[in-house]
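The next block holds one structure in the form of structure tokens; read it before the comments.
Proteins get letters first, then strands, A, B, ... in listed order; numbering begins at 1 in each.
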There are 2 protein chains.
Amino acid sequence: MTANARKPRTRIQQKNTAAILEAALDVFSSRGFRGSTVDQIAKAAGLSKPNLLYYFPSKEAIHRELLGGLLDTWLAPLHAMKAEGDPLEEIMAYVRRKLEMSREMPRESRLFANEVLQGAPNLEGVLKEHLKPLVDEKAAVIQSWSAAGRIAPVHPYHLLFSIWSLTQHYADFDVQVRAVLPQSEAGDPFPEAARHVDAMFRKMLTPGG
Amino acid sequence: MTANARKPRTRIQQKNTAAILEAALDVFSSRGFRGSTVDQIAKAAGLSKPNLLYYFPSKEAIHRELLGGLLDTWLAPLHAMKAEGDPLEEIMAYVRRKLEMSREMPRESRLFANEVLQGAPNLEGVLKEHLKPLVDEKAAVIQSWSAAGRIAPVHPYHLLFSIWSLTQHYADFDVQVRAVLPQSEAGDPFPEAARHVDAMFRKMLTPGG
DNA sequence: CGTCCTTCTGACCAATTGGTCAAACAACAA
DNA sequence: TTGTTGTTTGACCAATTGGTCAGAAGGACG
């Protein structure tokens with residue numbers, strides 16, 4: 001059977017497609033789609049360019065596969081926010097998970113950031129078909145919590161935006177954060193970041209106050 | 001005299017260099033440095049490629065000039081935050097100005113975002129020589145306000161990060177914001193954004209509470 | 001008019017890049 | 001061993017791209 005099919009069959013195919021995607025994540029996330037070359041990805045994956053193109057039909061195909069494959073991972077934390085839980089704790093857990101992801105998966109964050117920043121040419125469909133429905137659903141949940149007085153009144157969509165921006169900032173603008181922070185913190189900005197972000201949303205959401 | 005000198009002399013030079021920088025801002029900010037071509041910039045500026053290269057020696061030179069020329073504008077709002085003013089109002093004014101800039105100058109925001117996102121290859125010097133000293137200075141001011149109990153205790157650096165991320169998010173991730181927001185708000189997210197962001201920082205910074 | 005300087009262009013070039021292809025090589029089963 | 005299938009490569013190609021250059025056009029001034 002042909003190599004470019006949906007699921008890899010042989011061990012070599014599994015190993016190589018995995019290596020390619022890993023390498024592509026590295027390259028695409030740090031240089032953007034247009035700024036990356038197939039050769040860079042091939043070299044990073046330990047393959048020759050024609051060999052890489054034996055597994056994926058084109059540079060764009062690698063990119064699409066990457067984005068698609070990562071999307072679920074990326075949206076999982078928001079999925080995990082349940083209407084049944086304690087409102088403040090659900091949201092704070094979401095914030096915490098997002099910040100952890102910025103720390104553990106900065107390349108993924110930058111990959112999406114690069115894409116969105118440049119007008120999301122290969123992501124517009126996904127944005128409206130996957131992200132928007134999910135956000136609509138969770139915004140409604142937040143709205144209901146807010147209306148019930150279980151958290152302070154907030155604009156649910158902008159609350160989500162502020163969670164995304166605050167947490168992803170530490171992955172996407174990592175160089176800036178480290179360049180600006182005093183020596184003592186530049187090594188690992190995350191502990192203080194966690195405290196700060198936690199405080200911000202706690203104050204924002206605690207009712208009454 | 002040669003055309004590539006510091007200050008444009010003739011009217012034609014003024015007009016064309018300005019057109020080139022304007023075009024370059026458009027192109028670089030939406031496609032990143034590596035993703036942009038000299039031809040695109042030339043076309044957008046209404047010039048031929050050789051003619052553009054008569055005014056700037058290289059693609060990189062345009063990029064450098066752009067970044068350098070924009071830096072002052074970009075840092076002006078932070079400069080304007082004065083230790084003598086009312087702490088809460090100084091910070092809130094800074095937040096407001098930054099959000100206005102996201103609305104009025106989204107291309108500039110994206111230009112810097114693209115650069116930082118890709119490791120700030122042409123910005124590292126600037127980051128440490130211009131941005132860091134300024135941030136250090138203003139962080140000290142915030143620190144003193146905080147210590148004097150005039151605003152709630154905050155980590156000054158991370159407070160600045162959160163101002164940057166929250167405000168610039170609306171420029172940098174514009175496509176996503178509009179894709180996710182309900183129809184009614186997608187046309188102009190800024191009024192609600194302003195309310196939300198204002199509330200966040202006001203709650204964060206109001207002492208006691 | 002002619003002269004000098006600036007502005008502009010078409011033709012060109014070398015390097016890079018995404019992608020192809022025929023053929024070599026490996027793995028393994030019969 | 002041989003046949004079959006999956007894997008890898010060197011050589012190659014067309015398109016794009018950053019940049020050059022010689023000279024043509026334009027403008028200002030005597």
Side-chain angles (χ1 to χ4, degrees), chain A residues 1-28 30-67 114 118 121-122, chain B residues 1-28 30-67 114 118 121-122:
Chain A
M1 73 158 290
T2 157
N4 299 324
R6 288 270 171 266
K7 305 265 177 175
R9 291 286 161 86
T10 74
R11 265 166 237 158
I12 295 183
Q13 275 183 37
Q14 285 212 4
K15 194 191 81 180
N16 281 348
T17 54
I20 291 169
L21 289 174
E22 161 70 22
L25 175 59
D26 236 58
V27 175
F28 281 143
S30 68
R31 324 179 57 123
F33 177 75
R34 280 178 247 251
S36 306
T37 75
V38 177
D39 252 333
Q40 289 164 358
I41 302 175
K43 195 151 292 182
L47 299 175
S48 67
K49 184 170 66 168
N51 197 13
L52 179 149
L53 288 167
Y54 168 71
Y55 291 100
F56 288 87
S58 71
K59 179 184 169 185
E60 221 199 310
I62 307 177
H63 194 238
R64 252 200 313 276
E65 176 95 1
L66 245 196
L67 285 176
N114 255 307
Q118 307 193 359
N122 295 312
Chain B
M1 72 158 289
T2 157
N4 299 324
R6 288 273 169 267
K7 305 265 176 174
R9 291 286 162 87
T10 75
R11 264 166 237 156
I12 296 184
Q13 274 184 38
Q14 284 211 4
K15 194 190 83 180
N16 281 349
T17 53
I20 291 170
L21 289 174
E22 161 69 23
L25 175 58
D26 235 57
V27 175
F28 282 142
S30 69
R31 322 179 59 119
F33 177 75
R34 279 179 248 250
S36 307
T37 75
V38 177
D39 252 333
Q40 289 164 357
I41 301 175
K43 196 153 291 179
L47 300 175
S48 67
K49 183 169 68 167
N51 198 13
L52 179 149
L53 288 168
Y54 167 72
Y55 291 98
F56 289 88
S58 71
K59 179 185 169 185
E60 222 200 310
I62 307 177
H63 194 236
R64 252 200 313 275
E65 176 96 1
L66 245 196
L67 286 176
N114 255 308
Q118 307 194 358
N122 295 312

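If you take NZ of Lys15(B) and C1' of dT7(C), they are 11 Å apart, rounded to a whole angstrom. Per the geometry, CD belonging to Gln14(B) stands 15 Å off P belonging to dT6(C), to the nearest Å. Whole-Å rounding puts the Phe56(B) CZ to dT7(C) P distance at 13 Å. Distance CD (Glu60(A)) to P (dG19(C)): 8 Å, rounded to an integer number of Å. Between the OH atom of Tyr54(B) and the C1' atom of dT20(D) there is a distance of 15 Å, rounded to whole Å. Atom CD1 of Ile62(A) is separated from atom P of dT17(C) by 15 Å (rounded to the nearest Å). Atom CD1 of Ile12(A) and atom C1' of dT5(D) are 12 Å apart (whole Å). Per the geometry, CG belonging to Leu53(A) stands 14 Å off P belonging to dT17(C), to the nearest Å.
Applying the side chain to side chain contact (heavy atoms under 4.5 Å, CB included) rule to Glu60(B) yields the partners Phe33(B), Ser58(B), Arg64(B), Asn122(B); only residues at least two apart in sequence or on another chain are considered. Applying the side chain to side chain contact (heavy atoms under 4.5 Å, CB included) test to Arg34(A) and every residue at least two apart in sequence or in another chain returns Gln118(A), Arg31(B). Every residue was checked against the side chain to side chain contact (heavy atoms under 4.5 Å, CB included) condition with Ser30(A), not counting sequence neighbours, and none meets it. Checked against side chain to side chain contact (heavy atoms under 4.5 Å, CB included), Asn51(B) has the following partners two or more places apart in sequence or in another chain: Leu47(B), Ser48(B), Tyr54(B), Tyr55(B).
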Between the protein and nucleotides 28-30 of chain C, list every N/O to N/O distance that falls short of 3.5 Å.
none

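Proximity of residues 30-51 of chain A to DNA chain C (heavy atom under 4.0 angstrom from any strand atom) is restricted to Ser36(A), Thr37(A), Val38(A), Lys49(A), Pro50(A).
A sub-4.0 Å separation between OP1 or OP2 of dG6(D) and a side-chain N or O of Gln13(A) is absent. Within the structure, every side-chain polar atom (N or O) of Tyr55(B) is placed at least 4.0 Å from both OP1 and OP2 of dT6(C). At dG6(D), none of the side-chain N or O atoms of Asn16(A) fall inside 4.0 Å of OP1 or OP2 (strictly under the cut-off).
Rounded to the nearest 0.5 Å, atoms CG (Leu53(A)) and NZ (Lys59(A)) are 11.5 Å apart.
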